[in-house]
Structure formats: C-alpha cells, structure tokens
Visitor: 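Right, I'll just put the structure down here and ask away after.
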Number of protein chains: 2
Amino acid sequence: MTSEQVEPGRVERKRGRRIQEILRTAAELFGERGYDGANLEDVAQRLDVTKGSLYYYFASKDELVTAAIETLGKEWTERLERLSEARDGSPADRLRALIREHVDIAVREYPGVLRLYLVPRNWPEPQRQRIEALRREHNALFRRVVEEGVASGDFTVASVETTLRCMHAAMSQAPLWCSHKKGAALERALDELADALMMLVGVWPESGEPGAGAVRAPRPSRS
Amino acid sequence: MTSEQVEPGRVERKRGRRIQEILRTAAELFGERGYDGANLEDVAQRLDVTKGSLYYYFASKDELVTAAIETLGKEWTERLERLSEARDGSPADRLRALIREHVDIAVREYPGVLRLYLVPRNWPEPQRQRIEALRREHNALFRRVVEEGVASGDFTVASVETTLRCMHAAMSQAPLWCSHKKGAALERALDELADALMMLVGVWPESGEPGAGAVRAPRPSRS
DNA sequence: ACAAACTTTGACTCCTCGGTCAAGACCGCG
DNA sequence: CGCGGTCTTGACCGAGGAGTCAAAGTTTGT
C-alpha cells in the first residue's frame, strides 16, 4: 500500500540501473556484431544471466536494441554538445577538439559502438532511421563549426556537406584501425587522424612545430 | 567419350557464364546485406532458380561468397591497376583519376559491393582476411601516387597512411550517400567528393574555375 | 517471520536458414 | 526417337536463435 505512488523509490532505481547495465552491454555487442550477428543469449551471458531475464525488461530484441541506440546516442550527443558550446578559441581549435572528442569516445569508451553508424544495412527500418537521425545530430554540431570557419575565412571547402561526410566516414572507421593500439601510439594515431581531417577544411598542420612527435612524411619546401 | 578432354567446350563455357552470373548476384546481395543478412534463398530468387541449384555449383555458402569476393575483387583491382599504370599527368591529376574510378566502380557498377570493405565484422575469418587483403592491394595503388606527389612537392600530408585511410573510408561510404542520385546530380556529387578528398593531400580545388558547375561554399579571400 | 512484489530461471515452441538428395527436366547427339 | 550427360527442383533434415511461461528464488515492507 505504502509503495503505491513512491517517487523513484529504491526498487525503481535498482531497476533503472539494471536496465542501464543491459543497454550498455547490448550496445557493445550489437556494435561489435551488428543486428543479425548478435544474439540475446550472448548478451545475457555477458551479464551473467539467462536470456529469459532480458525479456523481463524488454519485450523484444528490437525494443532492446532501439533503447540501446537511444541511450548511448543521447549520451554521445550530449558530450559533443557540451564541447561545442564552448565558443572560445579559433574555429580550427574548436573543430579539432570536436574531432578528438568524437574519436576518443568511439575508440576508447565504446569500442564497437560507433560502428552503429556504419552501413545501417541490416538494421530493421525503424532502427536504421534512428541511427541516421543520430548521425545527423552529430553532423549538425560539426557543420556549425565548419560553417563558422568558412565564414571567417579560416576554412576553405569545396562543399560543406561533402566535407562533413568525409570527416564522418573517416571518424567512423577509426575504431577499426586504432582498436589494437594503446598509450602513446594511440595518442599519436588520433593526432594524425585529426591532422589529416583538418586538411579537409584547408587547415594544414603547422609544419614548424611537429606537434606531439607526429611522424611526418617528407615535406618539401614549397615556399 | 568424345568429351573426355575438350578445351572450353560449349557446355563448359555455359557453365562458366552461369557461375559468373551467380557470383555477380551473390556479391551484390552480400554487399547489400552482409554475410549473415543475406541468405541463399534470396540469391537464388534473384536468379530465378531455387536454392538447391546453387549447391550444384558451390559446395557451401562460404565457398560461394569467397568466390564472389575473389572474382569481383580481381576485376576491381585490375581496373585500378590499368589506370594507375598510366604515368602521364601530374600526381594530382592521377590521384584524382584514381579516386574517380574507384567511386565510379563502387557507386555505379557494383551497387553495394564496396560495402564489403566496411566493417569486416561478421565475416568468417578467412573471408575477413581476403577482404582485408583486397583493401591493402587497392590501398597500395593509391599509396604509390600519393607518395610520388609528396616526393615531388605537389602533395602535403601529415601521415601517408592516415591520409590513405581517410580517403578509403570516405570512398567506402560514398555509395551510401550517392546511391539515390543519378545523372548530373551524381556527377556533381562525385566531383565534390574528389575535390574534398584532394584536399587531404593539400591540393585545393581551383577557385578560379568552378569546374563542372560544382556548388561551392562561400570562399572568402585569403589574400 | 510472513506476505507481496519483484526478478530469474530453464525448459519449451516455432521458425528461419544452411545444407542434402532422390527424382525428374532439359539438351545435344547419333 | 532415345540415350547420356548436365542442370534444376522441391521436399526434407538439423542447428540455432527469438520469444514464452510457469515455477522457483530473492528482496522489501510491515
């Protein structure tokens, strides 16, 4: 009786945490193996429970995966938004920071999850749409900075949209080629990636200061 | 008796053509849906036969898909190689031509097939390896031109490898964002993509001549 | 301690899909 | 025509995975 209308409530909170746990694990696995490749049995196993238990919280595989995309996507977007609200610094610095944050999240924190972005093929239509929407949200944050840079003359691009797409494509693939690196090597790889991507907007890495020990290709004088 | 040791032979040739047909269709479907997502029933249906018939030519799904990757990959590589043998023109022109050829093949001729490249996840190990090898072959062709350009001072890059990866990533995604376009719009999209990617090596589109009507973002004077 | 609510289990069903195969259709040739 | 080789069919099997559920286990409130 007493628990007819409690706010959060201990039980509710516990339930919420459990759901978060499940979502995280599920996102990880679905990111790694794709919609068809990942099965609930394995998700359950990673959580040390049985499949049936998942169905207590989610009505279907679809519902689970939808929720997973939603939750992680939101967190991701928030982090990017927080970063992109800081309006100090040159467009170049800000774009670079965004790029770094994006790949950092992808490569370090949610191994596999960014792959959600890749080829929405296979995903059932509603999920595909949601992933696409997420991509657009993130893209919008990048677009803002790029457009500012273009307007201020800091950046040069042939087409903003195309540039953004290339940037996004490269960032999406990054986890694939970085996942095995760590420590300083990882750091260097991510820096190189950022350097390369900045060139898409016409900003070359400062040839004067080789940065964090970045390995550079022979750079002939162009005077 | 008469057909104990004939060269090609009418029947043989017919068989060969059939196999090619199957491979092409299979590659298309596997490219679209991935290894798990595509089933043989559907491949068969696209060919207006039944599943059992495929097993007359191939022992298993794996064998089919392996052969498909092999065949298409070979054709693809050959086309790129042919193009990259032409040694006339500036590195910029040659790189641009390579990029165009690569995305042309991807977007126009094998809709979906380039996606083989994307996230080798899900593919059984042997296939994954083969796809990776293919990627490396293609990459080598691009690397040659990029390195030449760097050596001659036409290009500037922070890291050749990273630049190549970004280029490849963008080209791989291209079919996803271009597949619905056609005619002049497609042409423009591909040109823009090439423009954008050339910036990765420090070559900006000539602002003087807007090329094939490319839509350009505001391009402030930079002195 | 007891009951009620909440959570987990594991066995079960159903269905899809890779793979098999005997039977027959088709095709070219004497 | 009819014979031999080539190809296709459709019914079938078995594995694996989504989804169900009654029963048992755990937690919470009184």
Side-chain angles (χ1 to χ4, degrees), chain A residues 1-23 25-26 29-30 32-68 122-127, chain B residues 1-23 25-26 29-30 32-68 122-127:
Chain A
M1 293 296 175
T2 45
S3 66
E4 59 169 354
Q5 187 41 302
V6 283
E7 346 72 272
R10 222 171 304 163
V11 176
E12 272 308 309
R13 242 179 305 137
K14 198 171 169 195
R15 180 184 170 87
R17 267 201 311 271
R18 193 96 185 91
I19 288 179
Q20 288 308 312
E21 247 183 295
I22 295 175
L23 288 180
T25 309
L29 235 141
F30 280 102
E32 282 168 26
R33 309 198 195 157
Y35 186 80
D36 300 306
N39 58 334
L40 297 192
E41 206 89 60
D42 289 350
V43 174
Q45 205 172 345
R46 257 194 212 190
L47 287 160
D48 273 317
V49 293
T50 53
K51 186 177 51 164
S53 194
L54 300 181
Y55 280 92
Y56 178 70
Y57 296 100
F58 300 93
S60 66
K61 185 180 187 181
D62 263 32
E63 194 177 291
L64 204 193
V65 80
T66 302
N122 274 9
W123 294 92
E125 194 53 23
Q127 280 75 7
Chain B
M1 294 298 175
T2 45
S3 65
E4 61 167 355
Q5 190 38 304
V6 282
E7 348 71 271
R10 223 170 304 163
V11 176
E12 273 308 310
R13 244 178 304 136
K14 197 171 169 196
R15 180 183 169 87
R17 267 201 311 271
R18 194 97 185 89
I19 288 179
Q20 287 309 312
E21 247 181 296
I22 295 175
L23 288 179
T25 309
L29 235 140
F30 280 101
E32 282 169 26
R33 308 198 196 156
Y35 186 81
D36 301 306
N39 59 336
L40 296 191
E41 206 89 61
D42 290 349
V43 174
Q45 205 172 344
R46 257 194 214 190
L47 287 160
D48 272 317
V49 293
T50 53
K51 185 178 51 166
S53 194
L54 299 180
Y55 280 91
Y56 179 71
Y57 297 99
F58 299 94
S60 66
K61 185 181 187 180
D62 263 33
E63 194 177 292
L64 204 193
V65 80
T66 302
N122 276 9
W123 294 93
E125 194 52 24
Q127 280 75 8

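Chain letters run A, B, ... following the sequence lines, proteins first, then strands; residues in each count from 1.
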Visitor: In whole angstrom, what separates A:Asp42's CG from D:dG16's P?
Guide: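 Going from CG in A:Asp42 over to P in D:dG16 covers 12 Å.
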Visitor: Please give, in whole Å, the distance from D:dC12 C1' to B:Tyr55 OH?
Guide: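 In whole Å, D:dC12 C1' and B:Tyr55 OH are 14 Å from each other.
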Visitor: For atom CD of B:Glu63, decide whether the heavy atoms of other residues, nucleotides or ligands shown that lie under 6.0 angstrom number more than 12.
Guide: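 Above 12, so yes.
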Visitor: Write out all pairs satisfying side-chain hydrogen bond (donor to acceptor under 3.5 Å, both in side chains) with one or both partners inside residues 51-61 of chain A, taking only residues at least two apart or from two chains.
Guide: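 Counting only pairs at least two positions apart or across chains, no side-chain hydrogen bond (donor to acceptor under 3.5 Å, both in side chains) contact touches residues 51-61 of chain A.
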Visitor: Grab the N/O contacts between the protein and nucleotides 7-10 of chain C below 3.5 Å, and write none if there aren't any.
Guide:
from, atom 1, to, atom 2, distance (Å)
C:dT7, OP2, A:Tyr56, OH, 2.8
C:dT8, OP1, A:Arg18, NE, 3.1
C:dT8, OP2, A:Ser53, OG, 3.3
C:dT8, OP2, A:Tyr57, OH, 2.9
C:dT9, OP2, A:Thr50, N, 2.8
C:dT9, OP2, A:Thr50, OG1, 3.2

Visitor: Output all residues satisfying salt bridge (Lys or Arg N to Asp or Glu O under 4.0 Å) with B:Glu21, sequence neighbours left out; order by chain, then residue number.
Guide: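 Expected list: B:Arg18.
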Visitor: May I have the distance from A:Ile19 (atom CD1) to C:dC6 (atom P), rounded to whole angstrom?
Guide: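 Value for this atom pair: 13 Å.
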Visitor: Just how far, in rounded Å, is P of D:dC12 from CD of B:Glu41?
Guide: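 In whole Å, D:dC12 P and B:Glu41 CD are 15 Å from each other.
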Visitor: Round to the nearest Å and state the distance from A:Tyr35 atom OH to D:dA18 atom C1'.
Guide: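 Result: 9 Å.
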Visitor: To the nearest angstrom, how far is A:Leu40 atom CG from D:dT20 atom P?
Guide: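 So the CG-P distance, A:Leu40 to D:dT20, works out to 12 Å.
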Visitor: Send over the distance from B:Asn39 CG to C:dG19 C1', rounded to a whole Å.
Guide: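 Taking CG of B:Asn39 and C1' of C:dG19, I get 13 Å after rounding.
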Visitor: Which residues pass the side chain to side chain contact (heavy atoms under 4.5 Å, CB included) test with A:Gln20, not counting sequence neighbours?
Guide: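 Listed in chain order: A:Leu23, A:Thr71.
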Visitor: Can you measure A:Asp36 atom CG to D:dA18 atom C1' for me and round it to whole angstrom units?
Guide: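 Nearest whole value for this atom pair: 12 Å.
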Visitor: With B:Thr66, which residues qualify under side-chain hydrogen bond (donor to acceptor under 3.5 Å, both in side chains), at least two apart?
Guide: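 Result, side-chain hydrogen bond (donor to acceptor under 3.5 Å, both in side chains) vs B:Thr66: B:Gln127.
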Visitor: Could you tell me which residues satisfy salt bridge (Lys or Arg N to Asp or Glu O under 4.0 Å) with A:Asp42, sequence neighbours excluded, listed by chain and number?
Guide: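 Scan of A:Asp42 (salt bridge (Lys or Arg N to Asp or Glu O under 4.0 Å), adjacent residues dropped) gives A:Arg33.
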